[in-house]
Amino acid sequence: EAMANKSYDKAKIAIKNNPFLELTQEAKDLEAMWSEIEDIAIELIAIEDYDKMNRFVHPFLEDEKKKERIDIFMLRKETIQKFQQLMESHQYVQAFALTDQFPFITQHSIFNKLQASWEHIRDSVISAMIENPEKNRQKCMMRLKQFTRLESKREMVRHLISDPKVFQKA
């Protein structure tokens, strides 16, 4: 009856109270619904409707693997929000550091904005260094200094300052 009314909490409680109900088709159907519930939960996390999300997933959270999956989605949402804040405040080094810590960010569309910002800075330094290396070296070094804290950019920054013509040819 609980399944027919989509009262998943009541269905889970009934199964918990009577382990023989785990053998029924309804119990199997309830477990099969997890992927659909998980998709709905992800959508609700995206729009930050956490109360509704909790109502949907609550009956399933006794299963540690399911709880862990929801926790991962919540962490990802928070991480993406932090990444967006770093981008909005032009804190590119911290944003790159966050991508090193959470590589899934590189698969998110907002990472392209970070990459474009880096490429813009890099290209402007190359142009300035080719135009007048002696005059612009100090200014370019100051512009790139923050990126030397990133292992992934350190070598490139060193080469940009020492021989920008290599990058012009590329």
Sorted by chain and residue number, the side chain to side chain donor-acceptor pair (under 3.5 Å) partners of His120 (sequence neighbours excluded) come out as none

Just jot down the side chain to side chain donor-acceptor pair (under 3.5 Å) partners of Arg158, sequence neighbours excluded, or say none.
Glu155

For Met53 and Ile70, what are the C-alpha separation, side-chain angles and deciding distance, and is it a side chain to side chain contact (heavy atoms under 4.5 Å, CB included)?
CA-CA 10 Å; Met53 184 272 304; Ile70 294 299; 4.0 Å; yes

How long is the straight-line distance from CG of Leu61 back to CG of Asn54, given to the nearest 0.5 Å?
7.5 Å

Applying salt bridge (charged side-chain N to carboxylate O under 4.0 Å, His left out), name anything that partners Asp49, two or more places apart in sequence or on another chain.
none

Closest heavy-atom pair and its distance - Phe73, Ile42
CZ-CD1, 3.4 Å

Begin from the C-alpha positions of Met129 and Leu160 and carry the test side chain to side chain contact (heavy atoms under 4.5 Å, CB included) through to its verdict.
CA-CA 8 Å; Met129 288 296 290; Leu160 279 170; over 6 Å; no

Around atom CD of Glu151, are there more than 12 heavy atoms of other residues, nucleotides or ligands at under 6.0 Å?
no

At their closest point, which heavy atom of Leu144 faces which heavy atom of Val157, and how far apart are they?
CB-CG1, 3.7 Å

Students often mix this up, so state it plainly: with edges at 30° and 60°, are the rings of Phe147 and Phe96 parallel, tilted or perpendicular?
perpendicular

For Ser124, the side chain to side chain donor-acceptor pair (under 3.5 Å) test, sequence neighbours excluded, returns Arg143

Polar side-chain atom of Asn136 near backbone of Ala128 as donor-acceptor pair, under 3.5 Å
yes

How long is the span from the CG atom in Leu98 to the CD atom in Gln91, to the nearest 0.5 Å?
11.0 Å

Can you tell me how far apart CZ (Phe60) and CD1 (Ile37) are? Round to the nearest 0.5 Å.
5.0 Å

Apply side chain to side chain contact (heavy atoms under 4.5 Å, CB included) to Thr148 and Lys153, showing your working.
CA-CA 6 Å; Thr148 61; Lys153 302 287 183 233; over 6 Å; no

To check you understand the geometry: which heavy-atom pair defines the closest contact between Ala41 and Val57, and what is its length?
CB-CG1, 3.5 Å

Is it the case that the side chain of Arg137 and the backbone of Ile161 share a donor-acceptor pair, with hydrogens and angles ignored and the cut-off at 3.5 Å?
yes

Side chain to side chain donor-acceptor pair (under 3.5 Å) pairs, two or more places apart, involving residues 67-81
Glu38-Arg69, Glu48-Gln81, Lys67-Asp71

Which distance, rounded to the nearest 0.5 Å, do you find between the CD of Gln85 and the CD of Gln94?
12.5 Å

Quick one: pull up CG in Leu150 and CE in Met156 and give me the separation to the nearest 0.5 Å.
11.5 Å

List in chain and number order the residues that pass salt bridge (charged side-chain N to carboxylate O under 4.0 Å, His left out) with Glu64, two or more places apart in sequence or in another chain; answer none if no residue qualifies.
none

Residues in ring pair (Phe, Tyr, Trp, His ring centres under 6.0 Å) contact with Tyr92, at least two apart in sequence or another chain:
His90

Residues in side-chain contact (heavy atoms from CB on, under 4.5 Å) contact with Asn112, at least two apart in sequence or another chain
none

Using the side chain to side chain contact (heavy atoms under 4.5 Å, CB included) rule, take Ile80 and Phe104 through it: C-alpha gap first, then chi angles, then the decisive distance, then the call.
CA-CA 10 Å; Ile80 292 295; Phe104 73 86; 4.0 Å; yes

Rounded to the nearest 0.5 Å, how far does NZ of Lys135 lie from SG of Cys140?
11.0 Å

Could you pull out all residues at least two apart from Ala95 that satisfy side-chain contact (heavy atoms from CB on, under 4.5 Å)?
Phe83, Leu86, Met87, Leu114

